[in-house]
Amino acid sequence: MKALPRKTSNSILRLLLLWLVSLTLFSCGSMGPAPFDEQPSWDISRISERTTLEGVLDRRCRIGDAMYAAREILLSGPPFYAKFDELDFEKTLLEETTLTRYAPWYARYNVEAALLSSGAGIHLMHGPTLRRAPMNMAESWKSPQDALEARLEIFRKRAGLETSLMTNMFPLFLEFDSADPFYTQAPDFGNAGEGIPPDGSSLLWDPKTIDQTLSPRTLGMTLHANVDFASYYFRSTRLKEDQAARPYLGATPEEGYLGAILMEAAASKLFTLATQFAYNPLTGYLGPMQLDGYDPEFELLFFPSKIRPIFTDLEISGEVSPPKPAEIFLPVDEEPKSTLTDQVSLLLGLCAFIEASDPEGELASQGVFGYAEAGGPLFPVEYHGLARALARCVVKNIDSMHYHEDWQTFVSYAIPGEKGNIVHTEDITQLVIAFERYADLLLDGDPLRDRVLELFEAQVGYVLGAQRFDGMYPRTMIAQSAFTTFPVVWPLEVQSLAIQALLAGYRVLKHPDYKMAALRTYDYVEENLWAIDYQLYRSEEVTNSGTKYSIYTPFAYGTTLGALRSLASATCDSRFGQKVREYIDGLPKSKLLLSELDPTEDQVFAGGKKMDPDGDGIPYAPMACPPFGAAPVFVSKTIVRIP
């Protein structure tokens, strides 16, 4: 992806700073402590009695992890299958069915349920990008609900959507960390055959179970999902019959519309980060990030690991709307800290937005971003500059707060003026992956690019040196004790991220040692962890009454798909393409996906009464858990007995 010329970047940043001054945000009030047990008035009774879910250790949906896994499944589907010709892989019916049919729906279920109808976050009607000072000053008096409807009407026209996709949709722009994904009333999925849309109010999750915490890790992962799924929905356009020069947005009207909503949510997330979520240790308050010329050594501003809102209801036309945050504050029970996983997740999400919003990129040519003439861009080029400015701030903070000069590596936890001594392998490996991606977005000669590449080379060497003789990686290390303090365990996500980091080293540094090391870790995983009858890899094990079980999480599942795709690209070995298909086929056995909607096979079931219409082991959403069913999303943790 091409980077903007320096002159253009500086011009964009100056415009952006002026624009932010005029931006009308949702109110945030004072930043002092506030009680956390208050619930918004739109809560409904919690459904407390639930049938035990077989194989599920933690039934909550951790939204960031679910979005991470959904992204990896999507990228392992049609986009990966499209590369088979380039990789010289044989295309078989098995691969085609799994990768182009099953995978995208396993992924879409999660994103569309969690980000568009769960209620587990702050409604897009309060998004700051909807409250810009408009050309017509009368528009500034619109209610948040009216402002959103006006924006959605633009999306509908650009996508060529004639009928509503869903009534009472609840799109989010700030997602909370987790919630129980259970319905509190009979879900209404509509009837597409008769043109009846679903009722989104019936698909809201149990509100009293929502952990109303905002974290950079969750926001970074959801930002990444927003962008990747929107880009997937925008993968092609359709020409209008009357005006070929103005194409409809999206591969289908529905997808074009959903993509625009997800991208609007991503943009509002960026503005909120830039204007409200930076913590100043000198004042003890949250506020705006300094975007122009930020220097953490002069005045540190960082995104803390936990932020909590308290809500106020808005009366609009006699009805109670989804609440907006009245105050945004830090947890009162702990000192604000920075975690490496938070900052890396944010950086990866920002990289995705920078790539998608490139004024010379594919989405710009479709009229989504920038200067295109396809009916005018939906989103201005200033958003690209904002993402670039935020990414620079995040990288500078990672360097300043987490890099330990004595140990020449990055610690996983830090508070202002003090660095920890814990190094999590998965944090370092994700940082290597993020640094490779970010360096590619910077101009040659940029001092920050030089620093990022310097750190990249050092850290990928650190990862290489931490590998055991058999290829395995431990989860946690103490930097000053040569990785020997913690018990040796082999969680699947650590091995998978190590493979991805080593292959990033191979791509950038061109040294075969990194590729050989990645294959050595893969060989360890394949020989010791693959269970062919289950089409799953064994993960971290627990023993109960002498029987061993593997623990699965969406994060572990997603990182493994990413590793297999990376190996396929690095080696052009078709066995990795087949393994991606086999691993996706094994998803139902992991018990991670709580339910599904339309059958993934063309089988008709009478009246939706059958528990598992297509026989894949994933129940139909209304039947998943009495009394009303469960949303089609990933749960946090499952346990599977694999001999």
Side-chain angles (χ1 to χ4, degrees), residues 37 39-63 66 105-106 108-121 123 166-170 172 175-192 194 196-212 320 322-323 554 587-588 590-600 603-639:
D37 56 358
Q39 296 290 337
S41 63
W42 54 282
D43 279 356
I44 52 181
S45 299
R46 178 178 178 178
I47 305 298
S48 57
E49 297 299 324
R50 298 286 184 189
T51 301
T52 301
L53 300 175
E54 181 182 359
V56 176
L57 284 181
D58 184 349
R59 69 190 188 189
R60 296 179 71 77
C61 175
R62 300 194 184 278
I63 294 175
W105 282 107
Y106 287 151
R108 288 183 62 167
Y109 289 152
N110 275 274
V111 168
E112 294 173 16
L115 303 188
L116 298 176
S117 58
S118 69
H123 201 294
M166 180 186 295
T167 61
N168 302 311
M169 184 184 287
F170 203 118
L172 306 176
E175 300 82 9
F176 292 134
D177 279 354
S178 68
D180 273 5
F182 298 101
Y183 302 130
T184 55
Q185 56 184 296
D188 178 3
F189 292 114
N191 189 328
E194 298 179 7
I196 302 173
D199 180 0
S201 64
S202 72
L203 307 179
L204 294 171
W205 300 356
D206 187 345
K208 290 188 177 180
T209 70
I210 296 173
D211 175 4
Q212 295 176 342
V320 178
L587 177 64
S590 73
K591 303 296 184 183
L592 285 172
L593 188 56
L594 192 54
S595 70
E596 63 184 356
L597 299 181
D598 293 333
T600 49
Q603 296 182 13
V604 178
F605 55 100
K609 300 298 184 183
K610 192 174 181 181
M611 180 73 174
D612 179 14
D614 56 3
D616 62 0
I618 303 174
Y620 181 53
M623 308 288 179
C625 187
F628 301 124
V633 293
F634 290 127
V635 295
S636 295
K637 189 179 293 185
T638 63
I639 188 169

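Both backbone and side-chain heavy atoms feed into the values below; hydrogens, waters and symmetry mates do not. Quick caveat: nothing in here was measured; it's all calculated off a predicted structure.
Every residue meeting the side-chain contact (heavy atoms from CB on, under 4.5 Å) condition with V111, not counting sequence neighbours, appears here in chain and number order: M67, A70, L115, F229, L262.
Atoms SG and CZ, on C61 and F634 in that order, are 9.0 Å from each other to the nearest 0.5 Å. Rounding to the nearest 0.5 Å places OG1 of T209 at 8.0 Å from CZ of R59. Interatomic distance, CE of M166 versus CG of D199, reported as 8.5 Å (0.5 Å rounding). The OH atom of Y620 lies 6.0 Å from the CZ atom of F189; values are rounded to the nearest 0.5 Å. In this structure, the separation between SG on C625 and CG on D180 is 9.5 Å, given to the nearest 0.5 Å. Between S202 atom OG and N168 atom CG the span is 8.5 Å, to the nearest 0.5 Å.
Contact annotation: the side chain of F170 approaches that of L172 to within less than 4.5 Å [non-hydrogen atoms, C-beta and beyond]. Two residues are said to be in side-chain contact when any heavy atoms from C-beta on lie closer than 4.5 Å; K208 and D206 meet this criterion. For the pair Y109 and L597, the minimum side-chain heavy-atom distance is below 4.5 Å. Looking at heavy atoms from C-beta onward, L203 lies in side-chain contact with Y183 at the 4.5 angstrom threshold.
The shortest heavy-atom contact between S595 and I618 is C-CG2, 3.4 Å. Of all heavy-atom pairs spanning H123 and M169, the tightest one is NE2-O, 3.5 Å. The shortest heavy-atom contact between E175 and I63 is CB-CG2, 4.2 Å. Shown here for Y106 and E596, the closest heavy-atom pair between the two residues is CE2-OE1, 4.3 Å. Nearest heavy atoms, I210 versus A120: CD1-CA, 3.8 Å. The shortest heavy-atom contact between A113 and S117 is O-OG, 3.2 Å.
Side-chain N or O atoms of S178 include none that pairs as donor or acceptor with a backbone N or O of D211 at under 3.5 Å. When atom types are taken as modelled, the side chain of T184 and the backbone of W205 share no donor-acceptor pair closer than 3.5 angstrom.
For the side chain to side chain contact (heavy atoms under 4.5 Å, CB included) test with L593, the passing option among V635, T638, V633, N110 is N110; the others fail.
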